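The structure under discussion appears below in the form of structure tokens.
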Amino acid sequence: MRYWLMKSEPGAFSIDDLASRPGQTEPWDGVRNYQARNMMRDEMKVGDPVFFYHSNCEVPGIVGIARIAREAYPDHTAFDPQHIHYDSGSDPANPRWLMVDVQFERKLKRTIPLSELKDRPELGGFALVRRGNRLSVMPVTQAQWEFILGLE
DNA sequence: GCCAACGTTGGC
DNA sequence: GCCAACGTTGGC
């Protein structure tokens, strides 16, 4: 089992949106980065815990916990010319992009802001706080996971 | 295969 | 809204 962090802009899809979905699950479509895709394809397993992170908003930070509910499968939004995540280079016979399903577990008691995570020397090696980081899906070590939960 | 131009991400 | 960082594209 591995731990993960996945980013979402709350204006597009928030932790509350996930909590209100039927079955509280959602396909995590729109990942268009090879490094993120490869991690989803090769390493994400059903049941893996995920930090749900709100990006590009008033207070960026970790807001909840989800779990992987379905392992990687083709992201069909890449095939739809009308879709915002359309990619003409993804062939349905050989899909370029994949998605997983996530399931809501719980909201944190409070948002743990990025600014606070950056202040913690214990998280110096965490990809999220490294300068210029743009990965929307990233691994979290068990030690990082437990430390962050301890901040809740 | 290099690298400039361009588009996107995402904090601030 | 600005802009730094960084990934991708495409001319050569």
Side-chain angles (χ1 to χ4, degrees), chain A residues 2-21 26-44 48-68 71-141 143-145 147-152:
Chain A
R2 285 179 172 256
Y3 298 90
W4 303 96
L5 180 143
M6 299 173 84
K7 296 179 184 175
S8 184
E9 300 190 14
F13 188 76
S14 72
I15 187 76
D16 290 322
D17 292 328
L18 178 62
S20 64
R21 285 292 192 267
E26 181 76 6
W28 201 272
D29 64 305
V31 172
R32 297 291 180 267
N33 172 281
Y34 289 104
Q35 205 179 336
R37 179 205 66 183
N38 293 348
M39 285 190 287
M40 292 199 300
R41 182 190 61 198
D42 300 334
E43 299 178 48
M44 273 190 176
D48 282 0
V50 178
F51 278 141
F52 197 114
Y53 178 89
H54 281 175
S55 68
N56 211 359
C57 56
E58 192 173 351
V59 182
I62 297 171
V63 295
I65 297 175
R67 283 187 187 271
I68 302 301
E71 283 160 28
Y73 61 104
D75 182 346
H76 56 79
T77 65
F79 309 140
D80 177 3
Q82 307 305 317
H83 200 282
I84 191 172
H85 296 310
Y86 176 63
D87 175 11
S88 61
S90 186
D91 173 6
N94 184 22
R96 173 181 290 179
W97 302 116
L98 305 172
M99 58 188 177
V100 296
D101 289 357
V102 300
Q103 174 150 35
F104 178 75
E105 181 155 313
R106 67 179 180 92
K107 291 175 74 170
L108 298 189
K109 300 187 193 87
R110 66 180 185 103
T111 297
I112 301 176
L114 176 63
S115 57
E116 186 174 332
L117 300 175
K118 282 181 166 175
D119 281 343
R120 293 293 186 153
E122 294 90 341
L123 298 175
F126 189 23
L128 183 72
V129 304
R130 284 206 293 266
R131 218 165 80 107
N133 156 65
R134 288 171 57 194
L135 265 186
S136 61
V137 175
M138 68 185 72
V140 179
T141 67
Q144 288 160 351
W145 180 275
F147 179 79
I148 291 167
L149 274 189
L151 299 174
E152 186 181 357

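Labels below follow one simple rule: chain letters A, B, ... track the order of the sequence lines, proteins then strands, and each chain is numbered from 1. The model shown is predicted, which means the values in this text are computed figures rather than measured ones.
At a threshold of 4.0 angstrom between heavy atoms, the contacts of Arg32(A) with the nucleic acid are absent.
Contact annotation: the side chain of Ile15(A) approaches that of His54(A) to within less than 4.5 Å [non-hydrogen atoms, C-beta and beyond].
In this structure, CZ on Arg110(A) lies 9.0 Å from CG on Leu108(A), to the nearest 0.5 angstrom. The CG atom of Asp75(A) lies 4.0 Å from the CZ atom of Arg32(A); values are rounded to the nearest 0.5 Å.
With ring centers used as reference points, Phe52(A) lies under 6.0 Å from Trp28(A).
In the 5' to 3' direction, nucleotides of DNA chain C lying under 4.0 Å from heavy atoms of chain A begin and end at dA5(C) to dT8(C).
DNA chain C is contacted by both Tyr34(A) and Arg131(A); Arg131(A) maps to the nucleotide lying nearer its 5′ end (nearest heavy atom per residue). Judged by closest nucleotide on DNA chain C, Asn133(A) is the one of Asn133(A) and Arg96(A) placed further toward the 5' end.
Between Glu152(A) and Lys107(A), no side-chain nitrogen of the basic residue sits less than 4.0 Å from a carboxylate oxygen of the acidic one, so the salt-bridge criterion is not met.
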